Amino acid sequence: MASAVPARVATSHSLGEAASRVRRLYRAVMREVPYILRTYALEETPEEVRAAVRRAFRKNQTTDPRVIDLLVFRGENELYETQMHWKQKTHVLRYFEKKDMRARKPDHSEFLENFYNNAL
C-alpha cells in the first residue's frame with residue numbers, strides 16, 4: 001500500500017519562471033476541456049467552459065512569484081481531481097455559475113409571509 005506523500009509547491013526564482021508555469025497550466029486546462037465536457041456530461045459549450053477558465057485565471061492577477069506558485073499548485077490539484085473524476089458534476093458546475101444567481105434573493109409570496117408570521 002502506498003503511503004501519502006505531501007505535495008510540494010514548486011518555487012519560482014523569477015516572475016518569468018512563474019509566468020511560464022501559469023501558461024503551462026492554462027494550456028493543460030484548455031486541452032482538457034473536451035474531456036471534461038464528455039466525462040461530466042455538461043451541457044455547456046466548449047467556448048463557455050473556456051471563457052470560465054479565462055475568468056478564473058484573470059481573477060487572480062498578482063506579481064508575487066510565491067503567490068503565483070501557490071495558485072498554480074492549487075490549479076494543478078483542481079485539474080487533477082477533475083481528471084480523476086473525484087468531483088461530482090455539481091462541483092464542476094460551480095465554475096459556470098453567474099455571480100448574480102448566487103446573490104439573488106428568493107421571491108417572497110404572500111403565503112410565505114403569512115407562514116413566517118404565523119398568521120395562517
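Given the structure is predicted, the values throughout are model-derived calculations rather than measurements.
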Could you check Arg54 against Arg50 for side-chain contact (heavy atoms from CB on, under 4.5 Å), going step by step and ending with a plain yes or no?
CA-CA 6 Å; Arg54 266 187 242 108; Arg50 288 189 172 103; 3.8 Å; yes

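Not a single salt bridge (charged side-chain N to carboxylate O under 4.0 Å, His left out) links Glu48 to another residue, sequence neighbours left out. Under the ring-ring contact (aromatic ring centres under 6.0 Å, His included) criterion, Phe57 pairs with Tyr26, sequence neighbours left out. Applying the side chain to side chain contact (heavy atoms under 4.5 Å, CB included) test to Ala19 and every residue at least two apart in sequence or in another chain returns Arg23. By the side chain to side chain contact (heavy atoms under 4.5 Å, CB included) test, Thr90 is found to be paired with Gln88, residues two or more places apart in sequence or in another chain being considered. Residues satisfying the ring-ring contact (aromatic ring centres under 6.0 Å, His included) criterion with His13, sequence neighbours excluded, are absent altogether. Residues satisfying the side chain to side chain contact (heavy atoms under 4.5 Å, CB included) criterion with Leu112, sequence neighbours excluded, are Ser109, Tyr116. Ala56 is linked by a side chain to side chain contact (heavy atoms under 4.5 Å, CB included) to nothing, counting only residues two or more places apart in sequence or in another chain.
Under the 4.5 Å side-chain criterion, counting only non-hydrogen atoms from C-beta, Arg27 is in contact with Arg31. Leu93 has its side chain out of reach of Tyr40: every pair of non-hydrogen atoms, C-beta onward, lies at least 4.5 Å apart. Looking only at side-chain heavy atoms (C-beta outward), Val92 and Ile36 come within less than 4.5 Å of each other.
Note that CD of Glu17 and CZ of Arg21 are 4.5 Å apart. Values are rounded to the nearest 0.5 Å. Rounded to the nearest 0.5 angstrom, Lys87 NZ and Arg94 CZ are separated by 9.0 Å.
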Kindly list each side-chain donor-acceptor pair under 3.5 angstrom involving residues 79-86, sequence neighbours excluded, with atom names and distances?
from	atom 1	to	atom 2	distance (Å)
Thr82	OG1	Glu78	O	2.7
Gln83	NE2	Glu32	OE2	3.3

Solution key, residues 60-70 side-chain donor-acceptor pairs under 3.5 Å, sequence neighbours excluded:
from	atom 1	to	atom 2	distance (Å)
Thr62	OG1	Asp64	N	3.4
Asp64	OD1	Arg66	N	3.3
Asp69	OD1	Ser12	OG	2.6
Asp69	OD2	Ser12	N	2.6
Asp69	OD2	Ser12	OG	3.3

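Sorted pairs that involve residues 35-45 and meet salt bridge (Lys or Arg N to Asp or Glu O under 4.0 Å), not counting sequence neighbours, are lacking altogether.
Across all non-hydrogen atoms, the minimal contact from Phe96 to Leu42 is CE1-CD1, 3.9 Å. Of all the heavy atoms in Ala41 and Lys89, the pair that sits closest is O-NZ, 3.1 Å.
Linking ILVMFWY residues whenever their side-chain heavy atoms come closer than 4.5 Å, directly or via other members, places Val72 and Leu15 in the same cluster.
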